Amino acid sequence: MTHLRVGVDIGGSKIAVLVVDGSDAVRARRLVAAASSEPDEAIAQIGAVVRDAVAEAGATMADVSAVGVAVPGRVETASGDVTFAVNLGWQHLPLGRRLGAALGVPCVVENDVRAAAVGLHRSQTFGPTDDLVFLGIGTGISAGVILNGRLHRGVRGLAGEIGHVVLDPDGAACACGLHGCFETIAGGAGIARAARTAIDAREATSLSDRDGTGDDRASDGPSAADVFSAAETGDPLARRLVDTAAAAIARMVHELVLAYDVELVVIGGGISRAGAPLLDRIRTRLERIVAPSALATELLSETDLRLAGPDHDIGTRGAIALLDPVAKEVVARQAVG
Ligand SMILES: [Zn+2]
């Protein structure tokens, strides 16, 4: 009886696994430290944690119909190959095929932010809609776009890579080679780097006392999470950085709504842990942007803007959603590959 489905969410610092049964009830949940940058080791590691989780559910791999895998990187959806995952150090890794061979079940691979968008559409957590954007803001930024109930990938599978839209051509250098990309302003790594730069320039802040925590810190400086919490206590530098990030996010939300005319925009990723104060700042900025335009005000008033919140299953649920009939085209293509 193959009734279990497994979702694997691979992050820069952890592998999360969720096992659900035919009624979507959680049967097991596992979280282990980072996947290795060495492909053989990584596949063995992911395989082991999946087997452990399935055993915890009181089952064996024979009870599993398929495994969905969400990866922070560029994925060739036709083959399930990971072309490039910078934070994991992977390049041209045939993850779907190799993991499938190791586990003896079909494995479907997708970019993590796009998988989360598919998961949000499937769960309809924020109300019924077939048109939504999931804006994933972590170390970097990208968006998963669901149009008319289907994930919009684009010709090269790069639709939604808005982290590299240039907002300030004179801004900080981005890893992609451009300057002032959206993610240098609002991404976790960009915020941490901007804090470090300001501290080095002796700007007044309580952040200079911090050694930094979290995985998006810039070497020895404060992390983006430190910056967000300092902003809530009124630190002037932190407030400036958070306001700048909120303004950039608001601008991008506006552009996403104009580009895709979606009903719902959900902001997730590490930044969503900053919670209601951040959402309020983004909403205020958004109102300021659209105020002079009746059209923009109308569009935005009909768009629901939400934070994903502290939902630790959003990544694994997204990976499981890849196995759904809504994504069956991908399953079929990867199974052939
Ligand atoms: Zn860039």
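Side chains are part of it too, since the values below use all heavy atoms of this structure and drop only hydrogens, waters and symmetry mates. In this text the structure is predicted, and so the values were computed from the model without any measurement. For reference, positions follow the sequence shown, starting with 1.
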[X] and [Y]: which non-hydrogen atoms are nearest, and at how many Å?
| X | Y | value |
| --- | --- | --- |
| Ser36 | Trp90 | O-NE1, 3.0 Å |
| Leu322 | Val109 | CD1-C, 4.5 Å |
| Ile271 | Ile267 | CG2-CG2, 4.0 Å |
| Leu237 | Ala198 | CD1-CB, 3.5 Å |
| Ala173 | Thr184 | O-CG2, 4.0 Å |
| Leu207 | Ala238 | CD1-CB, 4.1 Å |

Quick one, [X] and [Y] - any side-chain contact, counting heavy atoms below 4.5 Å?
| X | Y | answer |
| --- | --- | --- |
| Leu264 | Arg306 | yes |
| Leu103 | Arg51 | yes |
| Pro222 | Ile199 | yes |
| Leu88 | Pro72 | yes |
| His179 | Val166 | no |
| Val64 | Val54 | yes |
| Met61 | Val50 | yes |
| Val266 | Leu132 | no |

Going by atom type alone, with no hydrogens or angles, which donor-acceptor pairs under 3.5 Å involve a side-chain atom of residues 18-28 and a protein atom two or more places apart or on another chain?
unit_1 : atom_1 : unit_2 : atom_2 : d
Asp21  : OD1    : Ser23  : N      : 2.9
Asp21  : OD1    : Asp24  : N      : 3.2
Asp21  : OD1    : Ala25  : N      : 3.0
Asp24  : OD1    : Arg5   : NH2    : 2.8
Asp24  : OD1    : Arg122 : NH2    : 3.4
Asp24  : OD2    : Arg122 : NH1    : 3.2
Asp24  : OD2    : Arg122 : NH2    : 3.3
Arg27  : NH2    : Ala57  : O      : 2.9

To the nearest 0.5 angstrom, please state how far the [atom1] atom of [X] sits from the [atom2] atom of [Y].
| X | Y | atom1 | atom2 | value |
| --- | --- | --- | --- | --- |
| Cys176 | Glu161 | SG | CD | 10.5 Å |
| Leu158 | Asn111 | CG | CG | 9.0 Å |
| Ser272 | Ile137 | OG | CD1 | 9.0 Å |
| His164 | Glu183 | NE2 | CD | 4.0 Å |
| Cys174 | Phe182 | SG | CZ | 12.0 Å |
| Leu278 | Phe228 | CG | CZ | 5.0 Å |

Salt bridge or not for [X] and [Y], using N-O below 4.0 Å?
| X | Y | answer |
| --- | --- | --- |
| Arg240 | Glu203 | yes |
| Asp40 | Arg98 | yes |
| Glu76 | Arg156 | no |

Distance-only donor-acceptor check, side chains [X] and [Y], under 3.5 Å:
| X | Y | result |
| --- | --- | --- |
| His3 | Asp63 | no |
| Ser223 | Asp226 | yes |
| Asp9 | Thr316 | no |

> Is there a salt bridge (Lys or Arg N to Asp or Glu O under 4.0 Å) between Arg239 and Asp235 once you walk through the steps?
Replying inline: CA-CA 6 Å; Arg239 288 193 76 124; Asp235 181 85; over 6 Å; no
> Of Val17, Val67, Leu99, which is the lone residue that meets side-chain contact (heavy atoms from CB on, under 4.5 Å) with Ile46?
Replying inline: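 The single option meeting the side-chain contact (heavy atoms from CB on, under 4.5 Å) with Ile46 is Leu99.
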I'd like to know if the side chain of [X] and the backbone of [Y] have a donor-acceptor N/O pair within less than 3.5 Å.
| X | Y | answer |
| --- | --- | --- |
| Glu298 | Leu295 | no |
| Glu110 | Val118 | no |
| Ser293 | Val290 | no |
| Arg114 | Ile146 | no |
| Thr303 | Leu299 | yes |
| Asp112 | Ala70 | no |

For residues 245-263, tabulate all N or O donor-acceptor pairs below 3.5 Å that involve a side-chain atom, not counting sequence neighbours.
unit_1 : atom_1 : unit_2 : atom_2 : d
Glu263 : OE1    : Thr129 : OG1    : 2.6

> Would Val49 and Ile320 show up in the same hydrophobic cluster when neighbours are defined by side-chain heavy atoms closer than 4.5 Å?
Replying inline: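 No, Val49 and Ile320 fall in different hydrophobic clusters.
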> Under a single-linkage definition using a 4.5 Å side-chain heavy-atom cutoff for Ile, Leu, Val, Met, Phe, Trp and Tyr, are Leu31 and Val71 assigned to the same hydrophobic cluster?
Replying inline: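 In one cluster: no.
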>> Under 4.5 Å side-chain heavy-atom separation, chaining through any Ile, Leu, Val, Met, Phe, Trp or Tyr, what else clusters with Val86? Say none if it is isolated.
In response: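 Taking Ile, Leu, Val, Met, Phe, Trp and Tyr as members, Val86 shares its hydrophobic cluster with Phe84.
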> Hey, mind stepping through Asp81 and Arg97 against salt bridge (Lys or Arg N to Asp or Glu O under 4.0 Å) and telling me if it holds?
Replying inline: CA-CA 8 Å; Asp81 293 359; Arg97 287 176 281 173; 2.7 Å; yes
